[in-house]
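I have placed the structure first, in the form of structure tokens, so that the comments after it can refer back to it.
All values below were derived from every heavy atom in this structure, side-chain atoms included, with hydrogens, water molecules and symmetry-related copies excluded. Residue numbering restarts at 1 for every chain, and letters A, B, ... go by the order of the sequence lines.
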Amino acid sequence: MEKTKKGWGHYFSEYAAFIALLLLAVVLCCISKEFRDVGNLLNLMRQATFNGLIAFGMTCVILSDGIDLSVGSTFALSAIIAAEMIVSGLPAGLAICAALVVGTALGAVSGVLVTKGRLQPFIATLITMTAYRGFALIITDGKPISKLASSIESEFGAALFAGLGKGALKLGFIRVPVPVIIFLVSLAVFWFMLTKTTFGRKIYATGSNIKCANLVGVNTTKTKIIVYAISGFMAALAGLIMISRVNSAQATLGQGYELDAIAAVALGGTSMSGGRGKILGTFAGVLIIAVLNNGMNIMGINTYYQSVVKAVVILIAVLADHKR
Amino acid sequence: MNIEMKGIDKSFGSNQVLKNAGFLLKDGEIHALMGENGAGKSTLMKILTGVYTKDAGTIWVDGKEVSFKNPQEAEKAGIVFIYQELNVLFDLTVEENLFIGKELTKGFGICNKKAMRAKAREMMDKLGVKIPVTATMSDLSVGQQQMVEICKALMADAKVIIMDEPTAALTVSETRVLFDVIRNLQAKGVSIVYISHRMEEIFELCDRITVLRDGEYVGTENIQDIDLDHVVQMMIGRAIGERFPKRNVTVGDEVLRVEGLSSGKLFHDVSFDVKAGEVVGVSGLMGAGRTEIMNAIFGNIHLDSGKIFMNGKEVKIKNPRQAIAAGIGFITEDRKTEGLLLEKSIAENIEITNLPKVANGFVLNKPKQRAVVKKGIEDFHIKCFGPDHECNNLSGGNQQKVVLAKWIYTEPKLLILDEPTRGVDIGAKKEIYTIINEMTAKGVAVIMVSSELPEVLGMSDRIVVVHEGRVTGILNAAEADQAKVMTLATGGSL
Ligand SMILES: Nc1ncnc2c1ncn2[C@@H]1O[C@H](COP(=O)(O)OP(=O)(O)OP(=O)(O)O)[C@@H](O)[C@H]1O
Ligand SMILES: [Mg+2]
């Protein structure tokens, strides 16, 4: 019942996710030479990008007292639309823009179902999740679309498309992969949006008490639709990076990604009932999952066991959070 | 049962809310616990019942030292707390609520519905109230829900019942019923701790009174020995003078006029107007449709027919945003569920209503944010650690001040106040009245819905009386009195 204001305990719970991440990383660095290699760490960040981008969007949705199960399907469907446009000879830039617009629209549809359709977010996005996966299968007829890069005619287009997932920028000694840069820039943008803008305030207000938010003049319907649209945009962005990396696309892409994203948000200490949470927490949550995956792979732990370990870590983190 | 609390200290973080607080409850008495908002009344009672743990001090029950670890333990010992915010399960029926966690069974966990129903009816009869035990909680009035809580306390064989502002949401007649029940309980030897900010009630009902100020014990008196001024003096350490400050405002042009507002079964053919600098009180029984009319003007309830005029021009208001754009501010009756983002800070609550004022375009501006919030806390004397104080942990009256503060800076032309002083202490009430007067001096038109008749009579220039969704009369302050308002409010005519 009680709550102490700003003691050590306060800081501890505020940054619990970062402390856990730090501990985990330090332990792994100590026991594994491979893990602490700079190349491996950058690789780890790059792997984290997909979940990270999706989890940022998911954080906003959950903060507004919603949930978005459709992100994995949106990831696939927007990627496939880009891929189809590329193999049919359309400019890569156009394909990329189209995929982002489609992703945003797909997200907005979930938002409309939740607000205007008055469906529970879980049900609404379960519906869109199923539907978008279905569309992806219909468009591709279940077959993979491959050799994307070589289908692009213009040199610039090819470079743009390949750069998205495979490129790197030289910063001093290290070559930072483009996905990692996108990841970090997104983090900054989301942090700014949630902490420094009026729209951020509206998201928190909507998730905290929707009745009150409405009465003080927040357009909660609009806020929610935008939040789902953001989530869709981020899923599409992640999907584009994915197809650029693997140079092919198929309808089964991104299956189960929604769960990893939700796990990262929960690890980061965001309340599942909305109104409370931080994007930096989600960032830490994403990295925890990535470090676990990477570390266990390096140590050669059987993938079946990896799932169990992940589950245990999430359980501990969420329980610790409840103790606040 | 005798209860003595002595030397109780309690801090939340670095904020000490109780210092050497104490209290002595005698067998079978009705004991008022008084103090300003945030004085620590609720906290002291929560310590007694094991919701919070004390930092220092001793509690004796019938001479034996006790320290309850949780409310269940206190309940076993016969001490039950009926909270300011009722603790009922709205989706369940009355009998299910009464027996929650203590179901009568036929063994093997199978509920004995018949026995429970019979027992529930018996308890209701004992209390002398008529509430169908099969009704769903959410269909009952607040007063009836409260009776169910009292009934639950009796079933736990309570010797002491603590009531924290029980009449705040009751109608006049429900209050009468509650008082009868309380006196009835007293006759059976149950002691009552009664917390309320309604002075009239204290003098009518209680035997003795204990006052806390800033978390400290001030004194205990027999009610016969003191008067209102004395109590106020004890509570705030000085006299407050006139309860309703005088207003010298020349009433200006019409700001709001509504004509023939109707909405389903809620209200019908409602017409009235409010002028600049005027306070129009709206009186009526609980459930008469006053809140619904206000919600409709604010665009929060759909109107079937009727017209709304602002400054003589007809406006279409379909949602709260349009109402705000038209220059209306609305302080809702229920601060917990509608008025506040409870889990957010004072700053965030004030800012969300004033986003254009605290931001440059989309981007929040720290100095502007600070300025508005600081002004709010200072102007309204909100008792808190600072702007980051979570509203959840504010005392009831201070929460109400936050709700007021967040609207004032939007500079509305019309301010609708629905029960603005519910749960607010007598000093803060006067502050709120003063703020209302300052607003009217600036030419703001004010509608004040209130169930406290003295307040409506003391503050209004005109009084609109509502009965079962219809306006039954509009009285000028000069001609209005308690009897006339009550007659109109109960459907009579003058
Ligand atoms: N859980 C909590 N954490 C931090 N501060 C708290 C908490 N509960 C109460 N307080 C603070 O303790 C003080 C006393 O609060 P309390 O609720 O006991 O006042 P009260 O006398 O019941 O007032 P009211 O008449 O307004 O209900 C207030 O200043 C409040 O902000
Ligand atoms: Mg209280």
Side-chain angles (χ1 to χ4, degrees), chain A residues 1-14 62-65 115-116 188-223 226 230 269-278 321 324, chain B residues 10-15 46 50-53 70-71 295 298-300 319-325 329-332 334-344 348-356 358-366 369 385-386 388-393 403 406-407 410:
Chain A
M1 278 310 263
E2 285 175 42
K3 214 167 202 182
T4 354
K5 191 91 187 159
K6 307 254 153 141
W8 276 105
H10 171 81
Y11 287 105
F12 182 77
S13 60
E14 189 96 318
I62 290 178
L63 280 177
S64 77
D65 195 16
T115 52
K116 308 261 186 210
V189 170
F190 274 84
W191 177 82
F192 184 79
M193 178 177 85
L194 286 176
T195 58
K196 301 281 170 202
T197 69
T198 55
F199 182 65
R201 284 302 164 90
K202 290 178 186 173
I203 295 178
Y204 281 102
T206 304
S208 177
N209 182 348
I210 187 163
K211 266 194 193 165
C212 173
N214 262 322
L215 283 170
V216 298
V218 174
N219 189 339
T220 54
T221 303
K222 192 166 126 196
T223 305
I226 295 177
I230 291 174
T270 294
S271 155
M272 286 293 132
S273 51
R276 246 177 217 278
K278 294 198 170 74
D321 204 47
R324 284 201 211 189
Chain B
K10 175 72 188 172
S11 301
F12 292 105
S14 58
N15 187 7
K46 282 181 181 168
V51 178
Y52 295 144
T53 48
N70 53 47
N295 266 293
F298 200 65
N300 204 29
N319 57 46
R321 268 163 289 125
Q322 291 175 350
I324 293 168
F330 184 28
I331 290 164
T332 49
D334 191 337
R335 56 179 172 255
K336 297 240 178 210
T337 63
E338 297 173 342
L340 284 175
L341 307 170
L342 268 184
E343 53 179 12
K344 295 280 156 202
E348 277 168 279
N349 271 287
I350 295 180
E351 285 163 16
I352 191 76
T353 324
N354 294 285
L355 285 177
V358 299
N360 301 322
F362 285 119
V363 184
L364 296 169
N365 180 297
K366 259 271 153 61
Q369 285 171 285
F385 308 135
D388 294 330
H389 197 132
E390 203 175 288
C391 289
N392 241 332
N393 301 337
V403 182
K406 67 180 201 175
W407 280 109
T410 63

For residues A/L215 and B/E338, report the shortest heavy-atom separation together with the two atoms involved. CD1-CB, 3.8 Å

Determine the minimum heavy-atom distance between A/G274 and B/E343, stating which atoms define it. O-OE2, 3.5 Å

Within-4.5 Å side-chain heavy-atom neighbours: [X] and [Y]:
X	Y	result
B/I352	A/Y204	no
B/L355	A/K202	yes
A/T198	B/L364	yes

Just so I understand: if I count every heavy-atom pair under 4.5 Å between each of A/N219, A/V218, A/N214, A/I210 and chain B, which residue has the most? A/N219

Spacing of [atom1] belonging to [X] relative to [atom2] belonging to [Y], to within rounding of 0.5 Å:
X	Y	atom1	atom2	answer
A/S208	B/E348	OG	CD	8.0 Å
B/T332	A/K211	OG1	NZ	9.5 Å
A/R201	B/T353	CZ	OG1	11.5 Å
B/R321	A/T220	CZ	OG1	7.5 Å

Which residue, B/T337, B/D334, B/L341, forms the side-chain contact (heavy atoms from CB on, under 4.5 Å) with A/C212? B/L341

Could you tell me which portion of [X] (side chain, backbone, both or neither) has an atom closer than 4.5 angstrom to a non-hydrogen atom of chain A?
X	result
B/E351	side chain
B/F330	side chain
B/T410	neither

Give a yes or no on this: more than 12 heavy atoms of other residues, nucleotides or ligands lie within 6.0 Å of atom NZ of B/K336. yes

Looking only at atom types and distance, does a side-chain atom of B/K344 sit under 3.5 Å from a main-chain N or O of A/N209, one as donor and one as acceptor? no

